[in-house]
Amino acid sequence: MAKENKRMIANNKKAYFDYFIEDQYEAGISLAGTEVKSLRMGRCSIKEAFIRIEKGEVFVYNMHISPYEKGNIFNKDPLRVKKLLLHRHEIRKLEGQIAQKGYTIVPLNVYFKGSLVKMEIGLAKGKKLYDKRQDIAKKDQRREAEKQFKVKNLY
């Protein structure tokens, strides 16, 4: 199997801090030509984005793709709702899981896979405040341990 050529466009680091990511899916995005050109220049933000399932279709809201500067009349609204392309069985599975209390779907990152624009989405459960504090404490401990290790190796 050939090595996949992935080029990252946008990342949602906050999603990993605010949620426990339980399952991940790869979805295509239905885009216009000028939006793809803008993405090739790396002009995308998914920090405020969220995903909903409506009538058996998956849509991403608040995903900001800056207008392509050479696009004139063909440019679309930067915050327009974009359709995500998933298999029907994946959509049904997601619908069943988000019907449970506390589950949601969040965008994790946007990337090029070959010439196609893909979005990695995650089935997520919200973290409580004490979970976030535990994550911060673990990160601090790991950073401190790495710092100690580095000091020991210098001498």
Side-chain angles (χ1 to χ4, degrees), residues 1 3-31 35-54 57-68 76-87 89-114 116-155:
M1 188 159 68
K3 184 177 177 256
E4 294 174 358
N5 184 17
K6 288 186 180 181
R7 197 180 107 224
M8 183 71 65
I9 302 169
N11 196 354
N12 190 358
K13 293 178 187 171
K14 195 91 171 132
Y16 292 99
F17 182 73
D18 290 337
Y19 300 98
F20 292 113
I21 307 298
E22 299 201 358
D23 207 357
Q24 295 179 348
Y25 297 90
E26 181 181 68
I29 310 175
S30 181
L31 297 170
E35 288 175 322
V36 176
K37 288 180 181 184
S38 188
L39 285 174
R40 288 202 186 283
M41 297 188 327
R43 299 181 187 261
C44 176
S45 172
I46 56 172
K47 285 187 176 82
E48 305 290 318
F50 60 95
I51 295 171
R52 284 198 183 139
I53 299 177
E54 297 169 358
E57 294 182 329
V58 184
F59 296 97
V60 62
Y61 293 83
N62 285 357
M63 177 181 167
H64 188 276
I65 298 177
S66 299
Y68 182 58
K76 303 287 186 195
D77 177 34
L79 289 175
R80 80 178 179 90
V81 178
K82 293 151 193 78
K83 184 177 177 182
L84 294 181
L85 309 171
L86 286 162
H87 291 284
H89 69 275
E90 291 175 323
I91 295 171
R92 283 197 192 117
K93 186 176 177 186
L94 282 170
E95 275 180 318
Q97 290 175 324
I98 63 170
Q100 298 176 27
K101 191 169 188 268
Y103 282 98
T104 187
I105 307 171
V106 293
L108 300 175
N109 52 45
V110 178
Y111 56 91
F112 279 106
K113 186 176 181 182
L116 303 174
V117 180
K118 300 285 186 176
M119 176 182 277
E120 188 173 37
I121 61 175
L123 179 70
K125 189 169 187 130
K127 284 186 181 178
K128 304 281 188 246
L129 186 60
Y130 58 84
D131 291 327
K132 293 179 186 178
R133 287 183 186 145
Q134 285 176 342
D135 283 353
I136 292 169
K138 284 179 188 175
K139 197 180 285 184
D140 288 344
Q141 286 175 343
R142 191 177 72 240
R143 200 175 293 132
E144 193 64 35
E146 287 173 359
K147 189 175 178 182
Q148 293 295 327
F149 183 73
K150 189 175 182 181
V151 169
K152 284 181 185 178
N153 285 345
L154 287 175
Y155 298 110

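At least one side-chain heavy atom of Leu31 sits under 4.5 Å from a side-chain heavy atom of Lys82.
Nearest approach of Val60 to Ala49, heavy atoms of both residues: CG2-CB, 4.2 Å. Ala124 and Ile21 get closest at one heavy-atom pair: CB-CD1, 3.9 Å. Taking every heavy atom of both residues into account, Met63 and Cys44 meet most closely at CE-SG, 3.7 Å. Closest of all the heavy-atom pairs between Arg7 and Arg40 is NH2-O, 2.9 Å. Considering every non-hydrogen atom in both Tyr61 and Glu54, the closest pair reads OH-OE2, 2.6 Å. Nearest heavy atoms, Val106 versus Ile51: C-CD1, 4.0 Å.
Residue-environment remark: CD (Glu48) stays at or below the threshold of 12 foreign heavy atoms within 6.0 Å.
We find the CD-CD1 distance between Gln141 and Ile136 to be 12.5 Å, quoted to the nearest 0.5 Å. Atoms OG and CG, from Ser45 and Asn12 in turn, are 8.5 Å apart once rounded to the nearest 0.5 Å. Summarising the geometry, atom CE belonging to Met8 is positioned 7.5 Å from atom CD belonging to Glu120; distances are rounded to the nearest 0.5 Å. To the nearest 0.5 Å, atoms NZ (Lys139) and CD (Glu144) are separated by 15.5 Å. Note that NZ of Lys125 and OG1 of Thr104 are 12.0 Å apart. Values are rounded to the nearest 0.5 Å. Rounding to the nearest 0.5 Å gives a distance of 6.0 Å between CD1 of Ile46 and CG of Asn109.
Sorted by first then second residue, the side chain to side chain donor-acceptor pair (under 3.5 Å) pairs that include residues 14-23, not counting sequence neighbours, are Asp18-Lys132, Glu22-Tyr103, Asp23-Tyr25.
Tested against Ile29 for a side-chain contact (heavy atoms from CB on, under 4.5 Å), the candidates Leu84, Ile65, Leu85 yield a single pass: Leu84.
Counting only distance, with no hydrogens or angles, the side chain of Lys113 and the backbone of Tyr111 share no donor-acceptor pair below 3.5 Å.
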